[in-house]
Participant: 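Dropping the structure in here first, questions after.
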2 protein chains.
Amino acid sequence: MTTLPGMADEDLLRLDQQICFSLNAASRAFGGVYRVLLKDLGLTYPQYLVMLVLWEDGDLPVKRIGERLRLDSGTLSPLLKRLEAAGLVRRERSPEDERSVTVRLTAEGSALRGRAGQVPRRLLTATGLPVEDLAALRALLDRVTGALDSAVVDPAP
Amino acid sequence: MTTLPGMADEDLLRLDQQICFSLNAASRAFGGVYRVLLKDLGLTYPQYLVMLVLWEDGDLPVKRIGERLRLDSGTLSPLLKRLEAAGLVRRERSPEDERSVTVRLTAEGSALRGRAGQVPRRLLTATGLPVEDLAALRALLDRVTGALDSAVVDPAP
DNA sequence: CGCAATTCAATTGCGCACAACTCAATGGCG
DNA sequence: CGCCATTGAGTTGTGCGCAATTGAATTGCG
């Protein structure tokens, strides 16, 4: 079984503590830096992620954006409304499937990409890691995410 | 300067995209697994982090908990109220400094530690990574967090 | 064809994260 | 001593994340 022999629950509690602390802290530290960098673009971090997807892929239905970012409509609907209110995107019901809503960049939304050009470089230097280490970090994170997503965890032991 | 020569803004945008996607996804994937594991303890993930700190250190003022978890009173005050409502902690004004509030585990709160004993092991196995890889991941994350925290990022280029 | 199951977006409700602010207690300094 | 800056919690407001639900459009199956 999965008993990791030779480690007491005590020790695991401590290790667990460190790992979830570290991931949490890192996630929020990233958020903090992005918040500063994105301030004069008028974007929040999650909004920036949506714009990245749209800049990369062009117009997309809400569903696709959700798949790319691992977000559901409960998060995306109000977020996209705010982006629309800011004049960066428009939302239109798809003619061939009235259930689907296509998100389109406005001219202003597309133009914002130019002003965002400096953001990644400034973030990468802020991390203090060489690009190779960041790639390694990303690989590890993706492996963990994949495992966690496919791990069917039954609630009760 | 910090120009990372030889990389175009285009490429950096893409790399940035991948890194922030990965970190975000990993963070939320962890949250999802913890949510399931903690469900029958009646704890959310952030509440679990607070309990871990209290189990480790004993009674603490709100201030100290915030330092340990990188959280401010705006987050902790309502969270601790919910833990108190659940009967896991009590909050008392410190006699020697009336501004400070000490958070104390109740008997029920201490007892919960036993029931939480299985959580870390089950999480570790869910990650699908050997312990050494997780340690490496944690080290990388801590390095990045340290760098990001100390990086004074001026809002406007 | 017609009805049931599925899909997609939106909404509601709850909890967390963070900025900005209030308010009381404390400490320092003239 | 008296005043003022600082400190510690709490509150408010905004936005994200997710579960659960709704409602309309579409698909599938008898």
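By convention in this document, chain letters (A, B, ...) are assigned in the order of the sequence lines, proteins followed by strands, and residues within each chain are numbered from 1.
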Participant: Does B/Asn24 or B/Pro61 map to a spot on DNA chain D nearer the 5' end, using the closest nucleotide for each?
Facilitator: B/Pro61
Participant: Ignoring the backbone of A/Arg93, work out which of D/dG15, D/dA19, C/dA9 is nearest its side chain.
Facilitator: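 The nucleotide sitting nearest to the side chain is C/dA9.
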Participant: Can you measure B/Leu43 atom CG to C/dG15 atom C1' for me and round it to whole angstrom units?
Facilitator: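 Checked: the CG to C1' distance equals 13 Å.
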Participant: What is the distance, rounded to the nearest whole Å, between atom CG of B/Leu83 and atom C1' of D/dG10?
Facilitator: 16 Å
Participant: What nucleotide among D/dA25, C/dA10, D/dG10 has an atom nearest to a side-chain atom of A/Ser77?
Facilitator: C/dA10
Participant: Report which part of the nucleic acid A/Ser100 touches: base, sugar-phosphate, or nothing (heavy-atom distance under 4.0 Å, all strands).
Facilitator: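 Since only primed, P, OP1 and OP2 atoms lie under 4.0 Å of A/Ser100, the category is sugar-phosphate.
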Participant: C/dA19, OP1 or OP2 - any side-chain N/O from A/Arg35 closer than 4.0 Å?
Facilitator: yes
Participant: Please tell me which of A/Leu71 and B/Thr75 maps to the more 5' nucleotide of DNA chain D, matching each residue to the nucleotide holding its nearest heavy atom.
Facilitator: B/Thr75
Participant: When you match B/Ser73 and A/Arg64 each to their closest nucleotide on DNA chain C, which lands nearer the 5' end?
Facilitator: A/Arg64
Participant: Does the side chain of B/Val101 reach to within under 4.5 Å of the side chain of B/Leu80, using non-hydrogen atoms?
Facilitator: no
Participant: Going by heavy atoms in the side chains, are A/Arg91 and A/Thr102 under 4.5 Å from each other?
Facilitator: no
Participant: Could you state the atom-to-atom distance from NZ of A/Lys63 to P of C/dT7 in whole Å?
Facilitator: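 Going from A/Lys63 (NZ) to C/dT7 (P), I get 8 Å.
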Participant: Send over the distance from A/Leu60 CG to C/dC8 P, rounded to a whole Å.
Facilitator: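 The answer, rounded to whole Å, is 14 Å.
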Participant: Could you work out, with side-chain contact (heavy atoms from CB on, under 4.5 Å) as the rule, every residue matching A/Arg115, not counting sequence neighbours?
Facilitator: A/Leu41, A/Leu112
Participant: Do you know the tightest heavy-atom contact between B/Leu23 and A/Ser27?
Facilitator: CD2-CA, 3.9 Å
Participant: Rounded to the nearest Å, what distance is computed from the CZ atom of residue B/Arg99 to the P atom of nucleotide C/dG27?
Facilitator: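 Rounded to the whole Å, the gap is 6 Å.
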Participant: Mind checking who D/dG30 pairs with, Watson-Crick or G-U wobble, both distances under 3.5 Å?
Facilitator: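 The answer is C/dC1, by the H-bond criterion.
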Participant: I want to check something: taking the side chain as every heavy atom from C-beta on, are B/Leu83 and B/Val89 in contact at a cut-off of under 4.5 Å?
Facilitator: yes
Participant: For A/Tyr34 and C/dC18, what is the distance between atoms OH and P respectively, to the nearest whole Å?
Facilitator: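 So the two atoms are 16 Å apart, to the nearest Å.
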Participant: If the cut-off is 4.0 Å, is B/Lys81 near the phosphate of C/dG15, judged by side-chain N/O to OP1 or OP2?
Facilitator: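 Result: no.
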Participant: Just the rounded figure in Å: distance from P of D/dG8 to CG of B/Leu80.
Facilitator: 16 Å
Participant: Can you tell which of C/dG15, D/dA9, C/dC18 lies closest to the side chain of A/Arg28?
Facilitator: C/dC18
Participant: Expressed as a whole number of angstroms, how long is the span from A/Leu76:CG to D/dC18:P?
Facilitator: 10 Å
Participant: Counting heavy atoms from C-beta on, name the nucleotide in C/dA17, C/dC18, C/dA25 closest to the side chain of B/Asp97.
Facilitator: C/dA25
